[in-house]
Amino acid sequence: MVYHPRIESKELASFVTSRSRNSELWFVNNLRLEDAILGYLAKYAERYKVKLYGIAIEGNHIQGPAHFPLMNRAHFMRDLNSSVARAVPRFTPEYRGGRFWGRRYSCEFLPAPDDIEEYFFYTALQPIKDGLVERLSDYPGYHFFRDAIWGTERKFKIVRWKEYNDARRYGKLVSIKDFTDIVTLKYERLPGYEHLAQKDYAKLMLKKLEERRRKIIEERGNKPFVGRQRLLRTKRGALPKTTKTSTLTSHRPRILCICPERRAKYKAWYFSIYYGYKEASREYRNGDLEIVFPLGTYKPQIWLPVDLTQQE
C-alpha cells in the first residue's frame, strides 16, 4: 500500500505534522536548534504566503494548523523539513546521522473556523495533554500561544549557507553577515475574531485555554505530570517511553472536524478529488500526457522511454 496522494486547497486550512525517525527526541533542551526551526518557519511562511495559526515543537515532532491560500503546502513542507533536517546535525553534536524524518509529513484538512480553533487549542495544550507539565508556563521549550494571542512578532536571523559556503569555496573574503537575512515569525488571528481589539481577543483566548486545561487535568485524574525539572534532564536523541505509532495500513483521517455533518460533506469532497486523481493518474501512466488532473493534485512521476537513435 502506498501513501495517499497529496491534495491542495486554497479554501481549507490544514493540520500538518512531521515526526522524527523512531520518534527520537531531538527537539529537547536545544535553544539554538529551536531558534533555527522558528527562523525557517518564518522564512518559508513569508516566501509561500502561508498563514500560520500555531506551531508546536515538542520532543520528536513539529505540528500545527496553517492555511496555504496559494495551494503550495507541498513546497512549504519540502523546504521546511529539509532545512530542519540539515539544522539538526549542525546544532546537535550527539546526532548519529542518517535520515532524520521518520516518513513524509501527515496532513488533514480543517474545513471551518471552529475546526481551526479546535486544533489551535489542541496544539497549544499538547504539553499538558501529553502529561509533560500541568501549566504551559512550566514547559521549558518555546510555546507559541502568547505570541499568537497578543500578535507578537519575533525576528530571527537566517544564514544563506549554500551561498556563503560557495563564496568561501572559491577563496573569496566574505563575512557571514553579508549572507544573513532577518525574517519575522508571526501568527494569524483565528478566523471569526477579527473584529475584537487585541486585548479583548487575548483575554478571550486565555479564558478558553484555561477552561480546556482544567478539563484535561480533570480527565487525567491522579496521573502525575513529568514536570519541568525532569524535562530539563531529558537527553537529546532519547526514545520516549510512549509515542504515537502508525504504519502504511493505519487509518488516517483526511478531515478533522468537530461537526459530523460537515465532516461527511468534506469527506465526500475529498474522495471525489481522490478518485478523479486515481483515474487521471492511470490514464497518464498509460501514455495520455494531456489528461487533465483535478485541481489541487500533482501529476505522478513517470519514466519515459528514451529513443537512443534520436540522440546525436
Side-chain angles (χ1 to χ4, degrees), residues 16-21 24-70 72-101 104-105 123 139-189 232 236-237:
V16 292
T17 305
S18 295
R19 189 176 298 274
S20 65
R21 181 186 60 191
E24 293 168 343
L25 300 170
W26 292 110
F27 298 140
V28 297
N29 302 323
N30 195 334
L31 294 179
R32 294 180 66 203
L33 176 60
E34 195 173 75
D35 278 355
I37 294 172
L38 295 174
Y40 290 130
L41 276 166
K43 174 182 178 179
Y44 297 123
E46 287 182 5
R47 173 180 295 180
Y48 294 114
K49 311 301 180 187
V50 177
K51 297 181 178 181
L52 294 174
Y53 294 109
I55 194 71
I57 307 173
E58 187 184 318
N60 55 23
H61 67 280
I62 301 173
Q63 69 178 183
H67 184 203
F68 303 87
L70 300 185
N72 53 13
R73 183 187 63 232
H75 297 78
F76 173 82
M77 294 302 297
R78 175 200 64 198
D79 290 354
L80 175 63
N81 281 354
S82 62
S83 293
V84 172
R86 290 193 299 269
V88 169
R90 188 162 67 244
F91 296 112
T92 316
E94 305 95 325
Y95 188 64
R96 297 180 289 273
R99 187 184 77 251
F100 178 72
W101 298 110
R104 73 175 186 169
Y105 72 94
T123 305
Y139 187 64
Y142 170 77
H143 199 281
F144 76 94
F145 184 72
R146 286 194 172 272
D147 286 352
I149 66 172
W150 286 106
T152 303
E153 298 184 359
R154 292 180 182 263
K155 295 188 180 298
F156 296 89
K157 294 181 179 180
I158 293 293
V159 178
R160 302 191 304 276
W161 289 107
K162 184 179 184 306
E163 295 179 34
Y164 173 69
N165 289 328
D166 285 346
R168 292 186 62 193
R169 186 177 298 116
Y170 294 109
K172 295 181 180 179
L173 295 176
V174 296
S175 169
I176 198 169
K177 293 181 180 179
D178 297 331
F179 297 86
T180 301
D181 299 323
I182 305 298
V183 294
T184 303
L185 178 62
K186 55 186 177 182
Y187 298 100
E188 293 289 322
R189 183 177 291 198
L232 288 171
R236 293 188 289 235

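What you see is a predicted model, and the numbers here were worked out from it, not measured in a lab.
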Requested in this report: In sequence, state the C-alpha distance, the side-chain angles, and the governing distance for N30 and R32, and then conclude on side chain to side chain contact (heavy atoms under 4.5 Å, CB included).
Outcome: CA-CA 6 Å; N30 195 334; R32 294 180 66 203; 4.0 Å; yes
**Report entry** Closest approach of W101 to N81 (non-hydrogen atoms, all atoms of both residues)
**Finding:** NE1-O, 2.9 Å
Query raised in the report: Which distance, rounded to the nearest 0.5 Å, do you find between the CG of L80 and the CZ of R47?
Result: 11.5 Å
Query raised in the report: How far apart are the closest heavy atoms of V50 and F76, and which atoms are they?
Result: CG2-CD1, 3.8 Å
Query - pair R154-D147: side-chain heavy atoms closer than 4.5 Å - result: yes
Query raised in the report: Which atom pair, heavy atoms only, marks the closest approach of L52 to L41?
Result: CD1-O, 4.3 Å
Requested in this report: Report yes if the side chains of R168 and F179 come closer than 4.5 Å at any heavy-atom pair, otherwise no.
Outcome: no
Query raised in the report: Applying the side chain to side chain donor-acceptor pair (under 3.5 Å) test to T184, which of E153, K43, K155 qualifies?
Result: K155
Query raised in the report: When rounded to the nearest 0.5 angstrom, what is the spacing between CZ in F68 and OH in Y48?
Result: 11.5 Å
**Report entry** Over all atoms of both residues, closest heavy-atom pair of T92 and R236
**Finding:** CG2-NE, 4.0 Å
Query raised in the report: Among D178, N165, D181, D166, whose side chain to side chain donor-acceptor pair (under 3.5 Å) with R160 holds?
Result: D181
Report summary line: Value for CE (M77) from CD1 (I62), rounded to nearest 0.5 Å, stands at 8.0 Å
Query raised in the report: How far apart are the closest heavy atoms of F144 and I55, and which atoms are they?
Result: CD2-O, 3.0 Å
Requested in this report: Calculate, to the nearest 0.5 Å, the distance between atoms CZ and CD belonging to F156 and E34 respectively.
Outcome: 8.5 Å
Report task. Nearest 0.5 Å please: distance from the OH atom of Y40 over to the CG atom of D79. Result -> 11.5 Å
Query - Reported CD1-to-CG distance for the pair I37 and L33, which is rounded to 0.5 angstrom - result: 4.0 Å
Query raised in the report: Do you see a donor-acceptor pair shorter than 3.5 Å between the side chains of S83 and Y44?
Result: yes
Report task. Could you tell me which non-hydrogen atom of F145 sits nearest to which non-hydrogen atom of H143, and how far apart they are? Result -> N-ND1, 3.2 Å
Requested in this report: Check whether more than 12 heavy atoms from other residues, nucleotides or ligands sit under 6.0 Å from atom CZ of R146, and answer yes or no.
Outcome: no
Report task. Mark yes or no for whether N60, through its side chain, and E24, through its backbone, hold a donor-acceptor pair below 3.5 Å. Result -> no
Query raised in the report: How about W26 and E94: do any of their side-chain heavy atoms sit closer than 4.5 Å?
Result: yes
Report task. Evaluate whether atom CZ of R90 has more than 12 neighbouring non-hydrogen atoms of other residues, nucleotides or ligands under 6.0 angstrom away. Result -> yes
